[in-house]
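Being a predicted model, the structure only gives us computed values, none of them experimental. Counting convention: from 1, in listed order, for ligands and their atoms alike.
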Amino acid sequence: MRDAHFSKRFEWNAPANALARLVARKQAEGIALNDLTRSNPTRVGLDYPTAAILAALASPAAMTYRPDPRGLATARQAIAAYYAAQGICVSADALYLTASTSEAYAMLFKLLADPADEVLIPVPGYPLLGYLARFEGVSAVAYPCRWDPHQGWSIDLEVLEALITPRTRAVVVISPNNPTGAYAGPAALAALDRIARRHGLALIVDEVFADYPAPATPAAQTRSALADAGALTFVLNGFSKMLALPQVKLGWIAVGGHTDLVRSSGSRLETLLDFYLSPGTPVQHAAPSLLALRRIIQAQVHSRLAANRRLLQQMVGAVSHCRLLPCEGGWYAVLEIDDALGDEARVLRLLERHNTLVHPGLFYDFNREGVVVLSLLPPPETFRAGIDHLIAMDGDAPEGY
Ligand SMILES: Cc1ncc(COP(=O)(O)O)c(C=O)c1O
């Protein structure tokens, strides 16, 4: 029921969350869980170059406040150099710093959409995106990403285009997607660019997991949408995933596309960001040194992802009722499971009986049962124990859990 004090932004039909209640109960009982949903990289035992990170954040220059709505030039230049190293030319003037990618979404929805306008978002996809839109008074309309055993994941472009209405302002693409791991790839990006130009829409391309391709993914598939932007394109990224440092709080928006559009959106973005000036000065001064640590940090994450992926392939390959969907990148794995349990009953039983936590596919809006989503970041011993329970669990229809 609506509380008259508060805005309608908080009124959504959240299903009663039995899983969250059970997690809270287990935690209150002091039970250690095999948490295969953990994707906070700072809590999975990675070996960070701590001294170098902390030294970078301790620059004396951070004692002076010289706000710039776009963010400090030195930070933007370092980010431009990150793209230049991939052969992509982005001017530091087309980069806008935010405190996080989530904040970047909020800024872009304010920039592009009036209340009740629409943005198209991928499903399955990042569960918080719909809420981020809602908090800006914008309506998120889901477009389907489809799985085919022969062709892998693809965006259903026909359906996407059919969903465009006069109120549609932007198409959000997540590349690689969370949790499917599918990169949009050059062909899909070119088609989306054509659709966006045809309908006068902006593209928002979230590349937060772009630096985490699986070993077999061709480099061409992972190329940033900035490389060939014709439509007004906003590419999002940040240190949360790129450097596995969600707590340092730096994200950015890189603007691409036709020069006039880049210019006119830039002046508006600058005005908008000037009202908030969110990114902290210490992290902005630290940005060049932190980016220089990228390879060291990413090597840690890559080796964790690869070890858990290998383990998962072996363990799932040894049973006939589970399949691991191939994935091109990112931090997650999607498993298909044939059993008599529904998705919710499966995750509840796994937690109740085996103290193992996974996400049901419905959490990511998979439109079918039999899907489990796992983070590939947990320590391998936790991961192995959890998968052991998952694949050995009694999958008979539930009577209680
Ligand atoms: C696809 C995607 N985009 C954005 C974010 C949020 O990133 P940030 O921590 O920079 O807000 C996440 C977080 O998990 C994500 O999965």
Item to complete: Answer with yes or no whether the side chains of S278 and E103 bring together a donor and an acceptor at under 3.5 Å.
Response: yes
R368 meets the side-chain hydrogen bond (donor to acceptor under 3.5 Å, both in side chains) criterion, sequence neighbours left out, with E336
Step-by-step ring-ring contact (aromatic ring centres under 6.0 Å, His included) determination, Y364 to Y126: CA-CA 7 Å; Y364 291 87; Y126 178 44; 8.5 Å; no
Close residues (non-hydrogen atom under 4.0 angstrom from ligand 1) work out to S100, T101, S102, Y126, I174, N178, D206, V208, F209, S240, K241
*Min side-chain heavy-atom separation Q300-I297 under 4.5 Å*: no
Anything under 3.5 Å between a donor and an acceptor, one on a side chain of residues 49-63, the other on a protein residue two or more places apart or in another chain? List them.
from	atom 1	to	atom 2	distance (Å)
T50	OG1	Y48	O	3.3
S59	OG	A61	N	3.1

Donor-acceptor list for residues 230-249 side chains, cut-off 3.5 Å, not counting sequence neighbours:
from	atom 1	to	atom 2	distance (Å)
T233	OG1	A231	O	2.8
N237	ND2	E207	O	3.1

